[in-house]
Amino acid sequence: MKEWRFIDFGLVDIRDMMAMDEAILKGDEGNTFFFWTPKKSIILGFFQKAEVELDLPKCKDYTITRRISGGGIAFSDDRCRQINYGVVGTIDNDLFPLDIIESYKQVCGVLIDTLVHYGLNAAFRPINDVTVDNKKVSGNAQTRREGKLLQNGTLLLDFDIEEMLRISNIPKEKFLDKKIASVREGLTWLDRELGEQRDMEEVRNVMKEKFEERFHVKLKTGTLSNNEKELAESLLPKYYSTEWVYR
Amino acid sequence: MELLKTKPGIHKSRGGLIRSFVFIENGKIKDITISGDFFLFPEEAVFKILENLKGTPAKREDLLRNIEDTYAKENIQSPGTEPSDFTESIMKALEA
């Protein structure tokens, strides 16, 4: 059975993580699956403007950066009960389909299989969401470069909706009815669905197993190569810069 | 552009929200910025879309044709979002 690299970056500064994320995509170490746990932070999607999407004076104690893929803000609070993952894969029209939505569906399948393992009614909602009973439980973002894709995403174990609404400027157009009511109705998380807290390591291990099953590979724990470390180092200034984050 | 003082045009496509901030001079687009949670590949091509819109008459058909041209030239893919969605967002900004 083929072996793919697996890395758990643990608790990280999101700017460092985004530099490593880009380095893995641009590096040449083959298909990789990885986890990280972000410290209190906000990641803007490529097309989002900080001053438009966020109530910046209220975000002072958050680390803010931007990622290279589109989509919406990824918000991590002090509770840290989110599983963040990344996948870098060579687009082969089999395991990683050329069609963008199909490829989202394939990678999101890992999250769906994990949620189904816990007895939940999980489904893929195009373009990039995973839902439980039609409520979003996971957001995902993909970019592509030179025949490879990078998909990042998060599985919510717990989530502070009030805090997200406090710091962001979500227009009424995003939801049909009143802001707070519809966000509440539209989002959910594992702890709420199960009525109890699961150990995060346990959930991550289920995800790893489901990843191996879905991709027919064995995940082998590894680290960044020297080349990737140098690449990440050279990308760091971007993720820390005002020009990139507040452009 | 002073974004927070400009009224945005807001339109939601199947692929995400598009907020447009548009500055018009003599019936043409002088400056334009967008913010949104949509997806578009390759990502950098969004700057080409915006650059090419400058100087375009602020009319729906002209805007749409201009954006479609950039899509074709830059090989843009944007799942759930069409050139007509960007056009709609800009038109809403003009009406705002």
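Chain letters run A, B, ... following the sequence lines, proteins first and then strands; every chain starts at 1.
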J.: Name the option with the most non-hydrogen atom pairs under 4.5 Å to chain A; the candidates are B/Q77, B/R19, B/E44.
T.: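 Most heavy-atom pairs within the cutoff with chain A belong to B/R19.
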
J.: Give me the one residue out of A/Q48, A/R66, A/M18 that meets side-chain contact (heavy atoms from CB on, under 4.5 Å) with A/I43.
T.: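 The passing option is A/M18.
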
J.: Please enumerate all residues that pass ring-ring contact (aromatic ring centres under 6.0 Å, His included) together with A/Y85, with sequence neighbours excluded.
T.: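 So A/Y85 forms no ring-ring contact (aromatic ring centres under 6.0 Å, His included) with any residue.
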
J.: With a 4.0 Å cut-off, would you call A/E228 and A/K26 a salt bridge?
T.: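 No, A/E228 and A/K26 are not salt-bridged.
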
J.: Can you confirm whether more than 12 heavy atoms, excluding those of A/N93, are under 6.0 Å from its CG atom?
T.: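 It does: A/N93 CG has more than 12 such atoms within range.
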
J.: Is it the side chain or the backbone of B/L40 that comes within 4.5 Å of chain A heavy atoms, both, or neither?
T.: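 Contact with chain A involves both backbone and side-chain atoms of B/L40.
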
J.: Heavy-atom distance under 4.5 Å to chain B: side chain of A/R247, backbone, both or neither?
T.: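 Answer is side chain: those atoms of A/R247 sit under 4.5 Å from chain B.
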
J.: Got a salt bridge between A/R79 and A/D160, using NZ or NE/NH1/NH2 to carboxylate O under 4.0 Å?
T.: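 So A/R79 pairs with A/D160 through a salt bridge.
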
J.: What residue, out of A/A141, A/G71, A/G70, has the most heavy-atom pairs lying under 4.5 Å from chain B?
T.: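 When all of A/A141, A/G71, A/G70 are compared, A/G71 has the most.
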
J.: Which region of A/I68, side chain (C-beta onward) or backbone (N, CA, C, O), has a non-hydrogen atom less than 4.5 Å from a non-hydrogen atom of chain B, or is it both or neither?
T.: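 For A/I68, backbone heavy atoms alone lie under 4.5 Å from chain B.
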
J.: Tell me, out of B/S35, B/P42, B/P79, who's got the most heavy-atom pairs with chain A below 4.5 Å.
T.: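 Heavy-atom pairs under 4.5 Å are most numerous for B/S35.
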
J.: Against chain B, label A/N128 side chain, backbone, both or neither, depending on which of its atoms sit under 4.5 Å from a heavy atom there.
T.: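 It is the side chain, since no backbone atom gets that close.
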
J.: With a 4.5 angstrom heavy-atom cut-off, could you sort out which part of B/F41 is near chain A: side chain, backbone, both or neither?
T.: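 The side chain, not the backbone.
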
J.: I'd like to verify something: which residue of B/I34, B/V46, B/D37 has the highest number of heavy-atom pairs under 4.5 Å with chain A?
T.: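 That would be B/D37.
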
J.: With a sphere of 6.0 Å drawn around CG of A/D94, does it hold more than 12 non-hydrogen atoms of other residues, nucleotides or ligands?
T.: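 For A/D94, atom CG is crowded (more than 12 foreign heavy atoms under 6.0 Å).
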
J.: Does A/K40 NZ have over 12 foreign heavy atoms under 6.0 Å away?
T.: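 Yes, enclosed.
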
